[in-house]
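The figures that follow rest on heavy atoms only: side chains count, while hydrogens, waters and symmetry mates do not. None of the values given here were measured: they were computed from a predicted structure.
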Amino acid sequence: MLEIHHFTYGWVTPVLAYVMSVTGSLLGLRCTARARAGEGQRGWLISAAVAIGGTGIWVMHFIAMLGFSIRGASIRYNVPITLLSAVIAMTVVWLGLSIVARGRWGGWELPAGGSVTGLGVGAMHYSGMYAMKSDAIVEYDPGIVALSMLIAVVAATAALWFTLHVNGILATGAAALIMGVAVCGMHYTGMASMSAHHAAQPTLPAGAGAMELLAPLMISVSMVTMVLLIHVGLTEVDERSKPEPLPVAKTASWSLAPTAVDPGRQPQPVAAPTPAWQSPQPSWRPRPQSEWPPRPESHWQSSGQRDDQWSRR
């Protein structure tokens, strides 16, 4: 039996893998929170699937694989199967998020979504392991494989529960830390099921080296994650800067269609219009003579004064 190393570069690869898993989970939870707000739900769910499935799971898996080695054997990676494993990771996370978001399973959305996502994550893990080619014979312990799949289902169910109920930065960060532990635990449990033996006639495997293939892919997915992170941050700033809309008074709408009458409602009497001769008097009153401004004497001469003027003429 050949010796297998999971920490060839020490704690660098597991710590970096955990950090990327937490980052993808954190971003995915923020995207699902925006999806719950109701605006652009489909787009936010796709972004969450890319963040959780692409960065939180797939990138974490292959960063951890950079520290994997088999003493006395060479390791290469099949490019198409490696890319397929990335597609599987993002697709199953999107399926799980869609199941729990639509709520059409009669209360079984969370178990159904968690099962689909967990089994899909397990399929991604072991398809990525199948993409790894070696000149040694690699075998798996069925019991540990089943345990890793169970961990994947439980972790996926918990992650989907977090996407439905977690709000706030502190709660989201704590949930992302837990999700990172679950994803890394599933990965290293699955890796513990491996054993390697010498091949009778070893042949050099075909494919790309770890750094030749994985480094560009992981950098590309990480760049997409950073763009999503910046986008989420900017949209949250925009939402906070928007003024709150003023309350609009509800007005009665009219229509040409006849209005439905409630049979249980008693008709209210309608007051007859008041006749014009019974209308209330206006509130104005004539101003007294004493309140008028004084006028010049030329306009207020007495009749005697006018007669005296005519007699002089």
To the nearest 0.5 Å, what is the distance between [atom1] on [X] and [atom2] on [Y]?
X: Leu2; Y: Ser69; atom1: CG; atom2: OG; answer: 11.0 Å
X: Met194; Y: Ile70; atom1: CE; atom2: CD1; answer: 5.0 Å
X: Ser25; Y: Met20; atom1: OG; atom2: CE; answer: 10.5 Å
X: Ile88; Y: Ile57; atom1: CD1; atom2: CD1; answer: 12.0 Å
X: Ile81; Y: Ser127; atom1: CD1; atom2: OG; answer: 8.0 Å
X: Ile75; Y: Met65; atom1: CD1; atom2: CE; answer: 6.5 Å

If you look at every heavy atom in [X] and [Y], which pair is closest and at what distance?
X: Gly122; Y: Met149; value: CA-SD, 3.5 Å
X: Ala155; Y: Ala182; value: CB-CB, 3.4 Å
X: Ser148; Y: Tyr126; value: OG-OH, 2.8 Å
X: Val22; Y: Gly180; value: CG2-CA, 4.1 Å
X: Gly113; Y: Ile99; value: N-CG2, 4.0 Å
X: Leu29; Y: Ala159; value: CD2-O, 4.4 Å

For Leu95 and Thr117, run side chain to side chain contact (heavy atoms under 4.5 Å, CB included): C-alpha distance rounded to whole Å, both residues' side-chain angles, the deciding distance at 0.1 Å, then the answer.
CA-CA 7 Å; Leu95 286 175; Thr117 305; 5.8 Å; no

Does the side chain to side chain contact (heavy atoms under 4.5 Å, CB included) test come out yes or no for Arg30 and Ile169, once each step is laid out?
CA-CA 9 Å; Arg30 295 309 300 165; Ile169 298 299; 4.1 Å; yes

If you group Ile, Leu, Val, Met, Phe, Trp and Tyr by side-chain heavy-atom gaps below 4.5 Å, do [X] and [Y] land in one group?
X: Trp161; Y: Leu119; answer: yes
X: Trp44; Y: Met90; answer: yes
X: Tyr130; Y: Met186; answer: no
X: Val116; Y: Ile46; answer: yes
X: Ile178; Y: Val15; answer: no

Assign the ring pair His125 / His61 to parallel, tilted or perpendicular, where the plane angle (0 to 90°) is split at 30° and 60°.
perpendicular

Classify the ring geometry of Phe62 against Trp58: parallel below 30°, tilted from 30° to 60°, perpendicular beyond 60°.
tilted

Checking Val92 against Met124 for the side chain to side chain contact (heavy atoms under 4.5 Å, CB included) test, could you report, in this order, the C-alpha distance in whole Å, the side-chain angles of both residues, the deciding distance, and whether it holds?
CA-CA 9 Å; Val92 297; Met124 181 283 305; 6.0 Å; no

Side chains of Val19 and Thr23 in contact at under 4.5 Å (non-hydrogen atoms):
yes

Side-chain heavy atoms of Tyr77 within contact of Lys133, under 4.5 Å:
no

Ring pair (Phe, Tyr, Trp, His ring centres under 6.0 Å) assessment of Tyr188 paired with Phe7
CA-CA 11 Å; Tyr188 285 106; Phe7 309 103; 5.6 Å; yes

Between the main-chain N or O of Tyr18 and the side-chain N or O of Ser21, is there a donor-acceptor pair closer than 3.5 Å?
no

Verdict with reasoning, Leu27 to Thr55, per side chain to side chain contact (heavy atoms under 4.5 Å, CB included):
CA-CA 9 Å; Leu27 178 58; Thr55 302; over 6 Å; no

